[in-house]
Amino acid sequence: MPEEALIVVDMQRDFMPGGALPVPDGDKIIPKVNEYIRKFKEKGALIVATRDWHPENHISFKEQGGPWPKHCVQGTEGAEFVVELPEDAVIISKATEPDKEAYSGFEGTNLAEILREKGVKRVYVCGVATEYCVRATALDAVKHGFEVYLLSDAVKGINPEDEKKALEELEKAGVKIL
Ligand code: VGL
Ligand code: ZN
């Protein structure tokens, strides 16, 4: 049973430069994230990849009165992963219903059950965006009782100030920043 899981958050085309909702320099962490995926896989950790997986008419889109441009629509190129995942990676799709937003990979998914079932105790989080989906996923992981580590050289935020605040908040919540 793997005691550890790597959670790769939303490393999808639309969050990269040139995408619909780009995280500045989001592509710069791709090699690092790929390296972590390889290393964690090698030591027998469970690899989890969350993805934003919105319906065409999602509540978070500007057209529906939400804050974001249309992004990561189910089945589109923009929703594709930009990192190399092993075949047995656990894919967690979130915010899949029109009227529900979910920044956290635990929200409205069975991620907590899967981790518990597999015997995971410690989770390592990386990906984008630091102050949105990475933050929410790490905070929820703490709430679910996991030991949580943030791989700070493999995350990227949208806004540097908000990213800094998020890291401070995570540290206060008990997340260990590596
Ligand atoms: C995200 C904004 C909207 C994220 C997802 O992955 O951080 N941000 N949807
Ligand atoms: Zn989204």
Side-chain angles (χ1 to χ4, degrees), residues 5-30 32-34 36-37 47-83 85 89-109 111-112 123-143 148-171 173 175 177:
L6 174 68
I7 304 180
V8 178
V9 176
D10 296 8
M11 288 298 288
Q12 294 166 274
R13 207 166 292 287
D14 270 344
F15 293 126
M16 299 294 126
L21 175 42
V23 175
D25 289 336
D27 55 333
K28 299 265 167 72
I29 63 168
I30 293 175
K32 202 76 209 172
V33 172
N34 280 333
Y36 279 124
I37 292 170
I47 310 295
V48 176
T50 70
R51 64 181 178 186
D52 226 24
W53 196 245
H54 298 316
E56 188 76 42
N57 59 343
H58 192 250
I59 191 179
S60 76
F61 298 164
K62 283 191 174 132
E63 301 155 13
Q64 323 289 329
W68 305 113
K70 190 187 263 195
H71 64 280
C72 297
V73 173
Q74 298 169 7
T76 63
E77 240 175 67
E80 284 170 12
F81 288 118
V82 294
V83 291
L85 294 163
V90 174
I91 309 297
I92 299 290
S93 303
K94 64 183 169 61
T96 61
E97 289 173 57
D99 58 339
K100 287 196 189 97
E101 176 61 307
Y103 288 143
S104 162
F106 290 90
E107 206 179 331
T109 73
L111 178 54
V123 303
Y124 294 78
V125 183
C126 63
V128 296
T130 313
E131 69 270 47
Y132 293 100
C133 290
V134 170
R135 168 187 174 274
T137 300
L139 287 176
D140 270 357
V142 172
K143 284 183 198 140
V148 185
Y149 297 86
L150 187 91
L151 299 167
S152 63
D153 60 352
V155 297
K156 222 29 130 180
I158 295 175
N159 174 291
E161 243 167 71
D162 294 341
E163 181 175 39
K164 189 165 161 267
K165 265 188 235 154
L167 291 178
E168 287 164 7
E169 183 188 3
L170 289 176
E171 195 158 29
V175 174
I177 315 288

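Order of appearance sets the numbers: ligands from 1, and atoms from 1 within every ligand.
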Any N/O/S atom, side chain or main chain, of [X] closer to the Zn ion (ligand 2) than 2.8 Å?
| X | result |
| --- | --- |
| His58 | no |
| His54 | yes |
| Asp52 | yes |

### Query
Quick one: which ligand 1 atoms are inside 4.0 Å of a heavy atom on Asp10?
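What qualifies from ligand 1 is 4 (C), 6 (O).
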### Task
Using a strict cut-off of 4.0 Å, indicate which atoms of ligand 1 neighbour a heavy atom of Phe15.
1 (C), 4 (C), 5 (C), 6 (O), 9 (N)
### Task
Mind checking whether Ile158 contacts ligand 1 via backbone (N, CA, C, O), side chain (CB onward), both or neither, at a 4.0 Å heavy-atom cut-off?
neither
Among all the protein's non-hydrogen atoms, which is closest to [atom], and how far away is it?
| atom | value |
| --- | --- |
| atom 1 (C) of ligand 1 | Cys133 SG, 3.3 Å |
| atom 9 (N) of ligand 1 | Asp52 OD2, 3.0 Å |
| atom 8 (N) of ligand 1 | Tyr132 CB, 3.9 Å |

### Task
Could you point out which residue of His71, Gln12, His58, Gln74 forms a side chain to side chain donor-acceptor pair (under 3.5 Å) with Asp52?
His71
### Message
Counting C-beta onward and ignoring hydrogens, is there a side-chain heavy-atom pair between Phe81 and Arg51 closer than 4.5 Å?
### Response
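With C-beta onward as the side chain, the pair touches.
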### Task
Would you indicate whether the side-chain heavy atoms of Gln64 and Pro98 approach each other to under 4.5 Å?
no
### Task
Using atom types as modelled and distance alone, determine if a side-chain donor or acceptor of Thr137 lies under 3.5 Å from a backbone N or O of Ser104.
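Not confirmed, Thr137 side chain does not pair with Ser104 backbone.
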### Query
Does His71 come within less than 4.0 angstrom of ligand 1, counting non-hydrogen atoms of the residue?
yes
### Message
Could you check whether Tyr36 and Asp153, counting side-chain N and O atoms only, form a donor-acceptor pair closer than 3.5 Å?
### Response
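Note: Asp153 and Tyr36 side chains meet the donor-acceptor criterion.
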